[in-house]
> 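Questions regarding the structure given below will be posed in turn.
Counting starts at 1 for both ligands and their atoms, following the listed order. Counting from 1, the numbers follow the sequence of the chain as shown.
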Amino acid sequence: MFDELKEKEISYIDKIYDLIKDKNLTATVVTFGCQMNAKDSEKLLGVLEKSGYRIIENEEEADFVLFNTCTVRENANKRLYGRIGQLKNSCTLNKNKIVGICGCMMQERDEVDYVLEKYKHVKMIFGTHNIYDFPHLLYDILSSTYLDKENKKVIEVLAKTDVILENLPQLRKYPFKAGVNIMYGCDNFCSYCIVPYVRGRERSRDASDIIDEVEFLVRDGVKEVMLLGQNVNSYGNKLENSISFAKLLDKVSSIEGLSMVRFMTSHPKDFSDELIEVIKNNKKIARHIHLPLQSGSNKVLLDMNRKYTKEKYLELVNKIREGIKDVAISTDIIVGFPTETDEDFQETIDVINKAKFEQTFTFVYSKRTGTKASTLENVSTDAEIKNRFDKLLEVTKNVGEEQYKKNIGKVFTGLVEEKDIIDGYLTARLSNNALVHFQGEKSLIGKFVELELKESKGFYYNGSIKN
Ligand code: SF4
């Protein structure tokens, strides 16, 4: 499917290469937000590199700067505008400099209008639904800049798409691990979340295409993959040859040469017993599950449209912990949802104490225009929400530390990811997602090592190689 489109996009990469090959141009992509955006940025960087750009990090120096945006939280928008404003000067100095914006934020009409009015130096805008068309859009803006010498802008945001176009060039951050999209969009409409509006309805990739991609990555030196989707547990629901996420995970993990499979994100309402069984029986699947709770109050969960109760969530956590030995569970929690009272917040604290999360990502509710929750009245003051947030940090820190301490003295296998900030030290990630800092040679990066955990530092360990 989409073969012709893929050929067309690749032909634009060739055209760009011919157009800029003697110009010694540089490019950078600045990424905001989640793992899905990080993955999209690898695709954007892959196209830029294949087109003849030298990839650098400095956005002031780069001839082409693309901001891949996130709109889940309001402060991400503010940070973006600050950075775009700062590039005005370098655009005046380098008349051919191109600043572009893409990603979730650009799916919102108001934000696009705001950019066009306030930031005249932004020359290119596209959204999440036509990211596959990046080579074409890039060629358009480059030909107007270098051939026609016009001050044209390329603005193209689609309301929706059915296109799933994979296997264009990618520039992976790590040679030994990679993210693999298994689905796009979300059908859940949690009342606070903008994702279904900006990423569209759920679309799953064919299992055979996913397997082909992972096999290709393994041949290219990848040892660990992370299967990515907004709600991986509903993978395949709308496919003609429908298969469950558990079956897909089983198939991927049986690929020879692959050592570790992770996945992100799970919605608690769709987490099946079949999935627990598959993970339990397959050591190649990471002992880590990210299971967003959001709130422990049944009333707030209903208002959030999460479709589970506190009791169901805790039942699931128990099943996971009983079924999968050494598993770590991480979660997301929102404080200050409009209908949350102090009593509701206490219910959240109760779940944290019972579920004993190894790691908790905490957020203050951020109102997103267009969502159902944005029409609700706030029942709490800012000061009350701030108190709850402080309490949440304290409780989650204590619970996490308690869990981490349980593994001190044990030996685990970890994939060495990078150099530590301390000279002579490296950082590895264990199957349960914990990070370990230890002394070692740079040559170990990309390899699995046995590590003894010596000391817990809250959210990471100090350890040493087990000889
Ligand atoms: S599951 Fe809910 S929170 Fe997650 S992306 Fe979908 S709508 Fe947003």
Side-chain angles (χ1 to χ4, degrees), residues 32-40 68-77 103-108 127-129 131 160-161 179 181-205 226-238 244-245 262-272 275 289-298 300-310 312-313 316 329-340 348 351 357 360-376:
F32 292 84
C34 66
Q35 299 267 4
M36 305 282 280
N37 261 22
K39 174 71 192 174
D40 283 348
N68 185 11
T69 62
C70 167
T71 190
V72 170
R73 316 194 58 72
E74 203 184 5
N75 60 7
N77 296 26
C104 294
M105 217 172 127
M106 294 300 102
Q107 288 299 135
E108 294 179 272
T128 54
H129 297 316
I131 189 167
K160 61 182 181 119
T161 187
N181 294 110
I182 63 165
M183 61 197 300
Y184 297 92
C186 182
D187 284 353
N188 285 312
F189 289 92
C190 301
S191 68
Y192 53 84
C193 182
I194 193 91
V195 167
Y197 304 92
V198 294
R199 291 245 171 207
R201 295 297 80 74
E202 233 170 65
R203 303 167 319 273
S204 296
R205 288 177 71 195
M226 172 157 324
L227 305 182
L228 294 167
Q230 303 293 349
N231 175 17
V232 291
N233 304 99
S234 62
Y235 167 79
N237 283 353
K238 293 184 192 164
S244 65
F245 175 61
R262 299 180 182 276
F263 58 90
M264 178 81 82
T265 289
S266 289
H267 193 304
K269 81 176 166 64
D270 299 315
F271 206 104
S272 65
L275 183 55
I289 288 162
H290 186 65
L291 199 64
L293 166 67
Q294 310 302 13
S295 169
S297 151
N298 286 340
V300 174
L301 285 170
L302 191 65
D303 293 344
M304 286 177 161
N305 194 30
R306 290 291 289 173
K307 302 193 180 90
Y308 53 84
T309 59
K310 168 186 177 179
K312 279 273 168 217
Y313 185 92
L316 176 61
I329 302 178
S330 58
T331 199
D332 295 332
I333 290 176
I334 297 172
V335 166
F337 186 80
T339 59
E340 183 190 74
T348 302
V351 178
F357 301 112
T360 305
F361 299 91
T362 49
F363 306 92
V364 172
Y365 168 75
S366 177
K367 181 173 170 173
R368 305 313 294 135
T369 309
T371 61
K372 208 165 161 214
S374 68
T375 61
L376 298 171

> A side-chain contact here means heavy atoms from C-beta on lying under 4.5 Å apart; do Arg203 and Asn181 qualify?
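Answer no - side chains too far apart.
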> Taking both backbone and side chain into account, is any N, O or S atom of Cys186 nearer than 2.8 Å to atom 6 (Fe) of ligand 1?
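Within the cut-off used here (under 2.8 Å), Cys186 does place an N, O or S atom near atom 6 (Fe) of ligand 1.
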> I'd like to know if Arg199 pairs up with Asp40 as an ion pair, taking the criterion as any Lys NZ or Arg NE/NH1/NH2 lying under 4.0 Å from an Asp or Glu carboxylate oxygen.
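Judged by the 4.0 Å cut-off on N to carboxylate O distance, Arg199 and Asp40 do form a salt bridge.
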> Does only the side chain of Val195 get under 4.0 Å from ligand 1, or the backbone, or both, or neither? Count heavy atoms.
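The side chain, only.
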> Please could you name the atoms of ligand 1 that Arg306 approaches to less than 4.0 Å, counting only its heavy atoms?
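Reading through ligand 1 atom by atom, the close ones are 2 (Fe), 3 (S).
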> Students should be able to answer this: which protein heavy-atom is nearest to atom 4 (Fe) of ligand 1, and at what distance?
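Heavy-atom neighbour on the protein nearest atom 4 (Fe) of ligand 1: Gln230 O, 4.4 Å.
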> Where the side chain of Arg201 meets the backbone of Pro196, is there a donor-acceptor pair that is under 3.5 Å apart?
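Yes, Arg201 side chain to Pro196 backbone: donor-acceptor pair under 3.5 Å.
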> Verify whether one side chain among Ser266 and Asn233 offers a donor that lies under 3.5 Å from an acceptor in the other.
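Yes - a donor-acceptor pair under 3.5 Å links their side chains.
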> Cys190 heavy atoms, cut-off 4.0 Å: which ligand 1 atoms fall inside?
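Within the 4.0 Å cut-off of Cys190, ligand 1 contributes 1 (S), 2 (Fe), 3 (S), 7 (S).
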> What atoms of ligand 1 come closer than 4.0 angstrom to any heavy atom of Pro196?
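In order of numbering, the contacting atoms are 7 (S).
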> So, the side chain of Tyr192 versus the backbone of Arg368: is there a donor-acceptor pair under 3.5 Å, distance only?
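No; judged by distance alone, with no hydrogens or angles, the pair does not exist.
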> Where is the nearest protein heavy atom to atom 3 (S) of ligand 1: which residue, which atom, and how far?
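Heavy-atom neighbour on the protein nearest atom 3 (S) of ligand 1: Tyr192 OH, 3.5 Å.
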> As an exercise, identify every atom of ligand 1 less than 4.0 angstrom from a heavy atom of His267.
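Atoms satisfying the 4.0 Å criterion: 1 (S).
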> Using atom types as modelled and distance alone, determine if a side-chain donor or acceptor of Asn188 lies under 3.5 Å from a backbone N or O of Arg306.
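A pair under 3.5 Å: no.
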> Of all the heavy atoms in Gln294, does at least one lie under 4.0 Å from an atom in ligand 1?
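Flag not set, Gln294 not near ligand 1.
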> Can you check whether Leu291's main-chain N or O pairs, donor with acceptor, with Thr331's side chain at less than 3.5 Å?
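Side chain of Thr331 to backbone of Leu291: a pair is present.
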> Within ligand 1, which atoms have a heavy atom of Cys193 less than 4.0 Å away?
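With Cys193 as reference, the close atoms of ligand 1 come out as 3 (S), 5 (S), 7 (S), 8 (Fe).
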> With no hydrogens and no angle check, just 3.5 Å: does a side-chain donor-acceptor pair link Ser234 and Glu202?
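Indeed, the side chains of Ser234 and Glu202 share at least one donor-acceptor pair under 3.5 Å.
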> May I ask you to identify, for Phe189, whether its side chain, its backbone, both or neither come under 4.0 Å of ligand 1 on a heavy-atom basis?
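Backbone only.
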